[in-house]
Amino acid sequence: MHRRQLLIAGGSLMALSACASTGSGAAPAAGAPTAMDLAEEGRIARAVLPAATPKAELLQPWTGSYDGLPPFDKVTPAKLREAMLEGIELQRADIAAIANNPEAPTFANTMTALELAGEPLDRASNLYGVMTSNIGGEAYDAVDTELSPILSAASDEITFNAALFQRVKTVADNADAMGLSAQQKRLAERRRDAFIRSGANLDAAGKAELGRINTALSNAFTRFGQKVVADENAWTLIPNEAGLAGLPASNKAAAASAARSRNLQGWAILNTRSAVDPFLTFADDRALREQVWKKFVNRGDNGDANDTNATIAEIVKLRDQRAKLLGYRNHAELRMQDTMAKTPANAQSLMDRVWAPAKARVAEEVADMKAIAGFDIEPWDYLYFAEKVRKAKYDLDQNQLKPYFELNAVRAGSFAMAERLYGFKFTKLPKGSVPTFEPDVEAYELHDKATGKLIGLYYTDDYARPGKRSGAWMTTYRSFSTLDGSKVILGSNNNNFTKPEPGEPVLISLDDAETLFHEFGHTLHYFSSNVTYPSFGNTPRDFVEYPSQVHEHWVLSRPILDGYLKHYQTGEAMPQALVDKIQASSTFNQGYATVSYLSSAIVDMDLHTQATPPTDIDAFEKASLARIGMPREIVMRHRLPQFNHLFTSDGYSAGYYSYLWSETMDADTWAYFEESGDVFNPDIAGRFKSIMLAPGNTTDRAEAYRAFRGRDPDVAALLKVRGFPVS
């Protein structure tokens with residue numbers, strides 16, 4: 001998500017988004033101004049902004065190749081702090097110049113100027129996001145703790161600037177009289193509405209109270225994230241190899257490497273999903289599975305210094321106060337104003353449609369597992385015995401698959417998908433060609449294959465390390481807009497695989513491969529975009545997961561399997577008989593997958609629609625799950641005490657449903673490709689890129705989907721993909 005829009009909208013600065021849009025190669029969106037008109041717009045806007053020369057090293061314009069690169073090699077915590085503080089002052093001067101301009105408000109001297117304001121801070125903020133998320137550690141945590149409330153206050157200062165808001169409102173309210181284009185009118189009206197949702201219409205006392213709330217939230221978000229990272233920087237030490245019985249050789253090697261890197265004797269199962277899930281799936285030792293599972297699901301919930309329950313209670317209370325101050329009944333109602341779903345009820349309706357068949361499927365899955373186990377299934381048994389059922393029902397062993405999913409091969413396959421669909425050509429750069437924030441980071445050039453035009457630079461950061469946030473995500477260091485001069489896009493994907501010993505392969509699961517394609521789908525969204533104004537790079541929260549989720553489907557397409565996902569030892573392509581087994585089992589364990597995800601989304605919405613926010617978070621979580629009849633054999637994918645999506649920013653709060661909302665469009669889109677007889681259908685791919693990816697939020701995304709598909713998305717496609725009854 002573009003930092004500039006977050007600050008001006010009064011949002012949380014470091015909601016590191018995996019999702020939005022940016023890129024190039026596609027035709028300009030309808031209604032875009034001519035190059036001459038845009039140049040004049042930019043000239044007027046820049047004339048409003050004061051000419052300032054930043055002093056801090058990390059505020060300077062990026063230099064070097066690719067229209068300038070982030071100076072990762074020069075970043076230190078002290079330099080970053082210095083740059084952020086000066087950058088806030090420079091942005092303050094920009095905003096003052098726009099707000100106090102004696103000339104009458106126009107689109108160029110107000111809206112365009114806002115799009116360009118704060119460029120030095122924008123550069124430093126991109127470095128700030130990377131260093132606090134990918135590197136972390138005590139020094140960067142201290143900087144983050146200090147700066148978070150300062151940044152929140154700077155955001156509020158913009159929102160609460162009455163003169164600035166009046167100028168924005170004047171342009172938006174008089175868009176037709178001013179002769180604004182459809183794009184300009186949409187930008188002005190959305191900016192006005194964002195100001196209002198962020199408190200611009202409050203009186204002085206209301207603004208002071210909202211400022212207090214936002215600052216307190218910013219501090220709480222930072223504390224929550226740091227506590228979870230600290231709890232994830234742990235492991236379960238297994239001293240004897242007998243405790244690894246059943247585990248694939250690649251996972252044993254990863255555990256051994258994790259132990260050696262921490263000067264431990266034995267094998268270490270790190271407290272991250274990419275290490276825990278394989279252990280729960282394959283390890284024969286039931287007691288050790290229970291131990292590993294409990295450590296993982298109790299992150300943030302151990303009653304110690306890293307316990308997050310009190311922090312969550314503070315966050316939900318503050319969110320409730322803010323929503324009511326702004327005239328909404330609850331946080332969910334406020335957050336969903338600018339979404340495709342529009343209301344909590346609409347999101348809940350979709351979740352309810354899927355919950356019942358998912359829960360029914362879990363009962364069937366548990367019965368199958370119990371027949372093999374001979375005892376009641378506990379949560380630490382589910383993945384293990386599901387794998388036994390998979391073997392029995394489909395003669396499919398996940399260990400048969402891993403040799404075909406070597407990390408470098410999976411990434412090569414993702415590049416091939418991008419080339420066939422969109423004409424994107426990725427080329428790896430030699431080590432040291434560009435500055436990186438960590439030696440293991442790789443960089444790739446991205447060109448348009450047809451024209452040879454350089455589109456972007458793509459970074460990958462694949463390995464877990466102490467201080468790095470968990471999970472997988474995508475972000476950008478520089479987004480695309482013609483107003484900003486159509487510079488080379490800088491984007492990245494980030495994972496948490498266990499780093500192997502030198503020369504050893506990284507063999508990942510099919511699920512991990514799909515996650516890699518998912519995050520790469522976010523990257524392709526960014527690299528495809530062709531927007532005029534930076535703000536249009538941001539799409540609704542319940543849209544952003546759609547471009548990523550649809551790209552998961554190509555992992556098992558025959559051209560990708562045959563060309564790239566070959567056995568890492570033999571070089572043979574995956575036999576069709578094995579692919580057939582995967583396809584036959586494609587709806588296997590969908591009860592588990594759906595219930596673990598959907599329970600998290602339902603509890604999120606439940607939490608943020610309460611008339612009175614709960615104070616006992618553990619008790620609320622239990623009661624909420626009991627209300628929906630959560631199967632006892634499954635735990636939420638993200639329990640509240642470690643739910644980073646919800647409590648490190650406002651980003652996905654009252655919005656975790658968005659994965660399901662997006663998946664409805666994703667499943668319907670994949671059906672469109674399949675029904676054409678060619679999953680790489682060039683016509684559909686071209687229309688998908690030009691209508692759904694390139695325009696960002698230039699037009700309403702629901703209308704765009706209808707233009708692409710010829711109708712609204714059909715939820716039956718989603719139910720079919722998951723193997724649930726469609727009636």
Side-chain angles (χ1 to χ4, degrees), residues 18-26 62 64-73 126-127 129-130 133-134 405-463 472-480 486-497 499 505-506 508 512-513 515-529 547-548 551-552 554-555 559-560 563-565 689 693:
C19 348
S21 45
T22 340
S24 75
W62 294 347
S65 52
Y66 306 102
D67 295 323
L69 291 170
F72 290 123
D73 53 335
N126 280 290
L127 301 173
V130 171
S133 290
N134 294 62
F405 295 113
E406 190 275 324
L407 178 59
N408 292 317
V410 175
R411 177 154 286 120
S414 72
F415 290 162
M417 170 190 68
E419 183 173 345
R420 289 197 61 167
L421 290 172
Y422 312 123
F424 288 160
K425 184 71 175 177
F426 288 83
T427 305
K428 189 173 183 178
L429 294 175
K431 279 278 191 182
S433 299
V434 299
T436 60
F437 52 86
E438 218 281 338
D440 289 327
V441 172
E442 303 282 2
Y444 303 77
E445 286 184 345
L446 165 60
H447 290 86
D448 182 279
K449 187 178 179 181
T451 65
K453 177 185 176 182
L454 178 65
I455 295 174
L457 194 65
Y458 171 61
Y459 300 76
T460 61
D461 179 25
D462 286 325
Y463 302 122
W473 69 96
M474 182 269 167
T475 191
T476 55
Y477 314 141
R478 183 170 61 223
S479 303
F480 176 91
S486 305
K487 293 187 175 81
V488 172
I489 302 152
L490 309 175
S492 72
N493 281 147
N494 311 273
N495 297 295
N496 269 286
F497 301 118
K499 187 177 179 180
V506 180
I508 63 178
D512 284 336
T515 297
L516 189 147
F517 270 58
H518 173 108
E519 297 303 335
F520 188 57
H522 285 305
T523 306
L524 296 177
H525 191 183
Y526 270 87
F527 286 147
S528 297
S529 174
S548 55
H551 286 95
E552 296 177 29
W554 276 282
V555 172
I560 300 303
Y564 301 91
L565 304 186
K689 181 182 179 184
L693 302 183

**OP:** Using a 4.5 Å cut-off on heavy atoms from C-beta on, say whether the side chain of Val555 contacts that of Leu565.
**Re:** yes
Subject >> Exercise: identify the closest heavy-atom pair between Leu490 and Pro70 >> reply: CD1-CD, 3.6 Å
Original post:
Which residues pass the side-chain hydrogen bond (donor to acceptor under 3.5 Å, both in side chains) test with Asp462, sequence neighbours left out?
Top reply: Arg411, Asn495
Original post:
Short question: side chain of His525, backbone of Gly521 - any donor-acceptor pair under 3.5 Å?
Top reply: no
**OP:** Report yes or no: does Asp67 contribute a side-chain atom to a donor-acceptor pair with the main-chain N or O of Val488 at less than 3.5 Å?
**Re:** yes
Using distance only, find each side-chain donor-acceptor pair of residues 430-438 under 3.5 Å and give its atom names and separation, not counting sequence neighbours.
from: Lys431; atom 1: NZ; to: Pro439; atom 2: O; distance (Å): 2.3
from: Lys431; atom 1: NZ; to: Val441; atom 2: O; distance (Å): 3.4
from: Ser433; atom 1: OG; to: Pro430; atom 2: O; distance (Å): 2.6
from: Thr436; atom 1: OG1; to: Glu438; atom 2: O; distance (Å): 3.2
from: Glu438; atom 1: OE1; to: Asp440; atom 2: N; distance (Å): 2.8

Subject >> Contacts of Ser548 that satisfy side chain to side chain contact (heavy atoms under 4.5 Å, CB included) - sequence neighbours left out >> reply: His518, His522, Glu545
Subject >> Any side-chain heavy-atom pair of Arg420 and Trp554 under 4.5 Å >> reply: no
Subject >> Residues in side-chain hydrogen bond (donor to acceptor under 3.5 Å, both in side chains) contact with Lys449, at least two apart in sequence or another chain >> reply: Glu419
Original post:
What closest approach, in Å, do Phe405 and Ala513 show between heavy atoms, and which atom pair accounts for it?
Top reply: CD2-CB, 3.9 Å
Original post:
Who are the side-chain hydrogen bond (donor to acceptor under 3.5 Å, both in side chains) partners of Tyr66, not counting sequence neighbours?
Top reply: Glu445
Subject >> Sub-4.5 Å side-chain heavy-atom contact between Leu446 and Ile489 >> reply: no
Original post:
Can the ring centroids of Phe520 and Phe426 be said to lie less than 6.0 angstrom from one another?
Top reply: yes
Original post:
Is there side-chain contact between Ser486 and Phe480, with heavy atoms separated by less than 4.5 Å?
Top reply: yes
Subject >> Pairing residues for Asp461 by the side-chain hydrogen bond (donor to acceptor under 3.5 Å, both in side chains) criterion, not counting sequence neighbours >> reply: Asn134, Arg465, Lys468
